[in-house]
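Ligands are counted one by one from 1 in listed order, and the atoms in each one are counted from 1 as well. Start at 1 with the first residue, then count along the sequence. These figures come from a predicted structure and were not determined experimentally.
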Amino acid sequence: MSAPAPNARRTFAIISHPDAGKTTLTEKLLLFGGAIHLAGEVRARGNNRRARSDWMKIEQQRGISVTSSVMTFERGGITFNLLDTPGHEDFSEDTYRTLTAVDSAVMVIDAARGIEAQTRKLFEVCRLRDVPIITFVNKVDREGRDPFALLDEIADQLALDVVPLTWPVGMGGQFRGLYDLRAHTLTLPEGDSRTSGRVVPLTGIDDPALAEFVPADELATFCEQAELALGGYAELDPDLYRKGALTPVLFGSALKDFGVGDLIAALAAYAPPPRVQHATPRDVTPDEPAVTGFVFKVQANMNPQHRDRIAFFRVCSGRFRRGMKLKQVATGKMIAINSPIFFFAADREIADEAFPGDIIGIPNHGVLRVGDTLTEGEALTFTGIPNFAPEILRRVRLGDPTKSKQLRTALTDMAEEGVTQLFRPMIGSQWIVGVVGQLQLEVLISRLDAEYKVDAGIEPSPFDTARWIAADEPAALKSFVDQHKSAMAEDRDGAPVFMARDQWELNYTAQRETAVRFTATRERA
Ligand code: G4P
């Protein structure tokens, strides 16, 4: 079999603030996509709740999704790989890494709320990586803000050009349907629940037939708006979109099925197929014959009965086949990949082959780590898969001192997964755990108990924030480290980390020590 056309994959994520409707939209996309393969995670949540480990309980109690998963659907000859990202404000590190493995993103905005804190944060990550974004303004079946105000907000706050592709005819109680500004069709609400129904073809916004569906006074408003929408925005320039400078905007209602098909069509038409991936010493294009890829996430104990560990691997080039031997570039080890999996149903499926843009799970015993590059032999390292400086630093207090070995194993495991970061102070023996959000600590304690049978608690550490440090002159670095020994630690890769009592101390130190660079992210060398 020959490799499929490179444009046959769309690997994307949905970014949003909690409650904007990401889960609802995900479900609808999968339904629209027809061939539904739900990721192990999603299904397992329903089928296998009791067997799940304790940390999943946190997720259930709080009604949030802590783990990411992969969902695949097909439509019109294109395979869509949707990488789910946790929506909670607190737990974003994992989300950031997931965004390193996508080629584009869909930004969901609540029509009544506009851009929210988490939307903006995730958008910034996308911008850093030039990930192009299609915007879906959700919940137009409810009372929302004026569409122009929403478009202005996106344009102003995110410094993006906006191009509306559809337009809501009224919102909330006066929602009469969704108008396609290019195809000139009106999708009408139908039945008591007013879900999307008949699609009426029209000749344009001045088609007299519109009066059948929209009361006269509302029609005047709509025509005025649609005229402005058609004339007042730039043309959709696919290049600008792919460079991340422009966002096509679709209005819709995930709950009522409005705009979901349009979104899939827009992804198919505009979203980039697998992109060139940045690496050192050279970038990698998807049509290269040799297999390359990177690990963007590791998850231990997905199934507590098996104590397995799955590395989520994004294929960047070549045609991957089961049984291949790939080189872990960081260590030079060759690893035979005999049981790669696709995350389809609750009983994962063996992946016999995979193409650029696909995500496969590689079961392993802790060898593979986040940021790892695998190749057929070439010494390449994919870049842009960072660790983030923790905003919370804590010590772990052990209930039973005889369990210190288990604690160490567990902390190391979870640092490898990226659940928490682990810092070993230069002075003293108590390790310090670093997280970006409070929820990560709860996940840590809960998993220590459930998976490692270690009773532990969290206690304050003398430090509040941390930065990786580097300097052009080794002597400058050494001198800084010597002067600040009591505030120095190493991360799990042995890289030096400066810990500060508070932001003020950090800024003060950084201002004085001009020969040293303080960085909030670090990539594996
Ligand atoms: P999230 O994953 O982004 O956090 O959002 P989620 O899909 O869970 O949606 C959050 C709430 O918004 C849910 O209501 C959901 O039903 C509602 N919602 C999503 N899309 C739409 C839409 O297009 N129109 C309207 N009117 N509501 C929408 P909830 O009351 O919190 O949950 P539930 O009781 O409905 O499950």
Ile15 side chain near Val106 side chain, heavy-atom distance below 4.5 Å
no
From atom 32 (O) of ligand 1, is the closest protein heavy-atom distance below 4.0 Å?
no
Atom 16 (O) of ligand 1: the protein heavy-atom neighbour that sits closest, reported with distance to 0.1 Å:
Leu255 CD1, 3.9 Å
From Phe175 CZ over to Phe258 CZ, what is the distance, rounded to the nearest 0.5 angstrom?
4.0 Å
Closest to atom 11 (C) of ligand 1 among protein heavy atoms sits Lys139 NZ, 4.0 Å
Looking at non-hydrogen atoms alone, which of Ala20, Ala112, Pro18, Gly21 comes nearest to atom 9 (O) of ligand 1?
Gly21
Flag: protein heavy atom within less than 4.0 Å of atom 29 (P) of ligand 1:
no
What do you think, any protein heavy atom under 4.0 angstrom from atom 35 (O) of ligand 1?
no
Per-atom contacts, ligand 1 versus Ser253 - under 4.0 Å to a heavy atom
22 (C), 23 (O), 24 (N)
Would you check if there is a donor-acceptor pair between the side chains of Arg492 and Gln421 at a distance under 3.5 Å?
no
protein heavy-atom neighbour closest to atom 14 (O) of ligand 1 works out as Arg142 NH2, 5.0 Å
Closest protein heavy atom (residue, atom, distance) for atom 20 (N) of ligand 1
Asn138 ND2, 3.1 Å
Determine whether any protein heavy atom is located less than 4.0 Å from atom 18 (N) of ligand 1.
yes
Begin from the C-alpha positions of Asp161 and Tyr233 and carry the test side chain to side chain donor-acceptor pair (under 3.5 Å) through to its verdict.
CA-CA 8 Å; Asp161 282 344; Tyr233 295 96; over 6 Å; no
In the protein, which heavy atom is nearest to atom 4 (O) of ligand 1, and how far is it?
Asp19 N, 2.7 Å
Which residue and heavy atom of the protein sit nearest atom 26 (N) of ligand 1, plus the separation:
Asp141 OD2, 2.9 Å
Geometry only, no angles: is Leu25 polar-contacting ligand 1 at N/O separations under 3.5 Å?
no
CG (Leu158) and CD1 (Ile115) are apart, to the nearest 0.5 Å, by 4.0 Å
the protein heavy atom lying closest to atom 15 (C) of ligand 1 turns out to be Thr24 OG1, 3.9 Å
For the pair Ser253 and Asp141, evaluate side chain to side chain donor-acceptor pair (under 3.5 Å) and give the outcome as yes or no after the intermediate values.
CA-CA 6 Å; Ser253 163; Asp141 59 305; 3.1 Å; yes
heavy-atom search around atom 2 (O) of ligand 1 in the protein gives Thr23 OG1, 2.4 Å
What closest approach, in Å, do Asp103 and Arg314 show between heavy atoms, and which atom pair accounts for it?
OD2-NH1, 3.0 Å
My understanding is that only residues two or more places apart in sequence, or in another chain, count here; which of them pass ring pair (Phe, Tyr, Trp, His ring centres under 6.0 Å) with Phe12?
none
List every atom of ligand 1 that sits less than 4.0 Å from any heavy atom of Lys22, numbering the atoms from 1 in the order shown and giving each element.
1 (P), 2 (O), 3 (O), 5 (O), 7 (O)
With a 4.5 Å heavy-atom cut-off, do Asp262 and Thr187 have their side chains touching?
no
Any chance the side chains of Thr166 and Asp180 put a donor and an acceptor closer than 3.5 Å?
no
